[in-house]
Undergrad: 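My structure is below; once you've seen it, I'll send some questions.
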Amino acid sequence: MSEPATSIEALGLRRADTGGGLVIDGKLISQSVLAETAAGAADLLRTSGARPGLAVVLVGEDPASQVYVKSKGKAAESCGFHSVQHTMAAHTSQADVLALVERLNADPAIHGILVQLPLPKHIDATKVIETISPAKDVDGFHPVNAGLLAIGETDRAFVPCTPAGSMILLERAAKALGVDLAGRDAVVVGRSNIVGKPMAQLLLGRNCTVTIAHSRTRDLAGVVGRADIVVAAVGRPEMIKGQWIKPGALVIDVGINRVPGEGVDAKGNPRTRLVGDVDYAIAQPRAGAITPVPGGVGPMTIAMLMANTLASARRLAP
Ligand code: GUN
């Protein structure tokens, strides 16, 4: 315990009707990030004449990717950005995708380039990511940005959006509870390049003692049970059991999993619902603070993409 807790509502958290851990309102906090980004973009335009520009590239017709890309474009417009979407057919050659990326690298109106993943199988995603200029890699997936994060140069790196957003939620929760993150035991469950590894780097940067757990970890229950901070990013519905959570722990659930729900909808289709990687019903009463699914980490990812694009425009602006 370090400093007195600031008003929990002002920090974007709320008490659950049933008591127990504070609920971290990712939707509300993402709106404050978006509002700050829009204000920053207006300021940049006024002072330097530069308007942040985001280019999103979609190859193929994956329905989930189409939804994500549309949301990213809408968020960019809401922040006052120059927003362009390039949609390419699923059979587009790798050479054509790389040529588009090169054109965007050279386009002074574009400060952020995002190629939506997954790409069709005949396209090498690593090659595409490595072709994006590190200075415009607002996803933070390029090895140069991963390396800058690993050596603690977070001011120069683009940090991947989901871990960057998760970190903001965690900091808000820690502040609301008057908890200092330094020296705390943190476990990240999942070791992906997009979430698990960069999240671990960010926690290390805040002086946490960090464990990365994964599918080969022995005694996951024990590892999670010792942690003051749990970040779940495994993509398996409710795999982290509520009773594993140490009382008072801060829990960030990155998982968004669609599972069968109850009954049928108006069209007679079986209902589905979204759940996280954490068994929320049991974890929430035990936790100090926890993110819900939906409405937790999800909305932060797009907000951080906008924040990264503004940061890029500020760096690249004349
Ligand atoms: N597909 C799912 N999430 C992401 C993301 O954050 N960035 C990109 N480029 N593709 C994704």
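Both counts, for ligands and for their atoms, begin at 1 and track the order of listing. Just so you know, residue 1 is the first one in the sequence shown, and it goes up from there.
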Undergrad: Can any side-chain N or O of T217 pair as donor or acceptor with the backbone N or O of L220 at less than 3.5 Å?
TA: no
Undergrad: Closest non-hydrogen protein atom to atom 2 (C) of ligand 1, residue and atom name please, with distance?
TA: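 The closest one turns out to be Q116 NE2, 3.8 Å.
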Undergrad: Please check: side-chain N/O of S312 versus main-chain N/O of A135, any donor-acceptor pairing under 3.5 Å?
TA: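 Side chain of S312 to backbone of A135, a donor-acceptor pair under 3.5 Å: yes, one is there.
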Undergrad: Is a donor on one side and an acceptor on the other found under 3.5 Å between the side chain of N207 and the backbone of A182?
TA: no
Undergrad: So if I apply the side chain to side chain contact (heavy atoms under 4.5 Å, CB included) rule between Q284 and each of T291, V278, I290, V251, which one comes out positive?
TA: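 Only one option passes, and that is I290.
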Undergrad: How close does the nearest protein non-hydrogen atom get to atom 10 (N) of ligand 1, and which residue and atom is it?
TA: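 Nearest protein contact, heavy atoms only, for atom 10 (N) of ligand 1 is L117 N, 3.0 Å.
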Undergrad: Can you tell me how far CZ of R314 sits from OG1 of T47, rounded to the nearest 0.5 angstrom?
TA: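 The distance works out to 8.5 Å.
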Undergrad: Flag the pair V254 / M199 as yes when at least one side-chain heavy-atom distance between them is below 4.5 Å, and no otherwise.
TA: no
Undergrad: Which atoms of ligand 1 have any heavy atom of F141 under 4.0 Å away?
TA: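 So the answer, numbered in order with elements, is 7 (N), 8 (C), 9 (N).
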Undergrad: Check each atom of ligand 1 against the heavy atoms of L114 and keep those under 4.0 Å away; list them by number with element.
TA: 9 (N)
Undergrad: Can you name the atoms of ligand 1, numbered from 1 with element, that are less than 4.0 Å from a heavy atom of V115?
TA: 8 (C), 9 (N)
Undergrad: Just need the protein heavy atom nearest to atom 7 (N) of ligand 1, so name the residue and atom and give the distance.
TA: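 Of the protein heavy atoms, D139 OD1, 3.1 Å lies nearest.
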Undergrad: Short N/O distance, under 3.5 Å, between T301 and ligand 1?
TA: no
Undergrad: Got an N/O contact under 3.5 Å between P118 and ligand 1?
TA: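 Such a contact does not occur with ligand 1.
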